[in-house]
Amino acid sequence: MTNSLDVYLASPRGFCAGVVLAVDIVELALKKYGAPVYVKHQIVHNPIVVAETERKGAITVEQVTDVPEGSVVVFSAHGSPPSDYEEAERRNLTVLDATCPLVKRVHNEAKKYAREGMKIILVGHRGHQEVIGSTGQTEMALIDEREGIDVPEFDGAQGVAVLTQTTLSVRDTAEAIDRIRARYPKALVRNDICYATTNRQEAASQLAELVELVLVIGAQNSSNCNRLKEVAESYGVKAFLINGPDELQRSWFDGVTRIGITSGASTPESSVEAVIKAINPKNVIHVGKGDENITFRLPAELQATKREAAGAGPRT
Ligand code: SF4
């Protein structure tokens, strides 16, 4: 494209520990059980990652009822309601659970507070897969700040616990929580926005202060990618969410000399590299606090397969 531009590259960006775990689970399930392995919902919200798992033998379906009886199924990183596990049992499926441990923590909190007799409010986006999984755990009210912040009225003296979707905007969620606290000053508020979301939003804020245009690389249905775009826009900077270089538009670059690039937690680094290559910048300048050092443990039933795969050579 041009070589007179500077690219400012956010760090951290891209895959989080939960996405690495989920993709590993699908790949190891294919090694252990052979193809096909079914995946309930996109394993993570990125078409390139999904296509790669499907190339290796995974079949993505939307409902547990779409999985043939007796098959192996991986439940996606976003988490699933208990009804999905019950249906899997009825269908005699072998379930490998790729729910991110940080989403699972939200499920456990919800069940614990419900057992303690508290009323629960979840701040999250209606219809998102993670919210479908979390709201299925127990009775709770949902506040979706995009629909307005309508704080529910609860009777009696029971406590109120507030949970959040893990991939929300830190800033928008703080506003929703302020409104809930104004109604319930003693509410127990958990900060469930995960480290990966928080770190990527912080790095995107730093980028937005340095550049004239921000490109977020990732999928349109990725919650955390959309939040990164909004963070950049909140600084008055033009921002676009694209899957890769094919979606770049020359007009975006008119009069621009500094471009910021970041990517969501489900975006492979190859997509970022392809965009940088297409832009062909004069310099690439790194911005942010750098890589994360977090990993999650594989489910016990796949650890031996992982050791065997490691002994047999590098992962393909
Ligand atoms: S974005 Fe956060 S909650 Fe979602 S998979 Fe990654 S670490 Fe887990």
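We count ligands from 1, going down the list as the structure has it; atoms in each ligand are counted the same way.
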(request) Could you tell me the residue and atom name of the protein heavy atom closest to atom 6 (Fe) of ligand 1, and the distance to it rounded to 0.1 Å? (result) Cys16 SG, 2.2 Å

(message) I'd like to know if the side chain of Lys306 and the backbone of Asp24 have a donor-acceptor N/O pair within less than 3.5 Å.
(response) no

(request) Please report the closest heavy-atom contact between Val39 and Ala58, naming both atoms and the distance. (result) CG2-CB, 4.0 Å

(message) Tell me which pairs pass side-chain hydrogen bond (donor to acceptor under 3.5 Å, both in side chains) where either residue lies in residues 57-71, with sequence neighbours left out.
(response) His41-Glu62, Glu54-Thr60

(message) Can you tell me which portion of Ala77 lies within the under-4.0 Å heavy-atom range of ligand 1? Options are side chain, backbone, both, or neither.
(response) neither

(message) Under a 4.0 Å threshold between the charged nitrogen and the carboxylate oxygen, would Lys112 count as salt-bridged to Glu116?
(response) yes

(request) Just need the protein heavy atom nearest to atom 2 (Fe) of ligand 1, so name the residue and atom and give the distance. (result) Cys194 SG, 2.3 Å

(request) Measure the distance from atom 8 (Fe) of ligand 1 to every protein heavy atom, then report the residue, atom name and distance (to 0.1 Å) of the closest one. (result) Cys100 SG, 2.3 Å

(message) Enumerate the salt bridge (charged side-chain N to carboxylate O under 4.0 Å, His left out) contacts for residues 188-199, please, sequence neighbours excluded, ordered by first and then second residue.
(response) Glu109-Arg190

(request) Identify, for atom 3 (S) of ligand 1, the protein heavy atom at the shortest distance, and state residue, atom and that distance. (result) Thr166 OG1, 3.3 Å

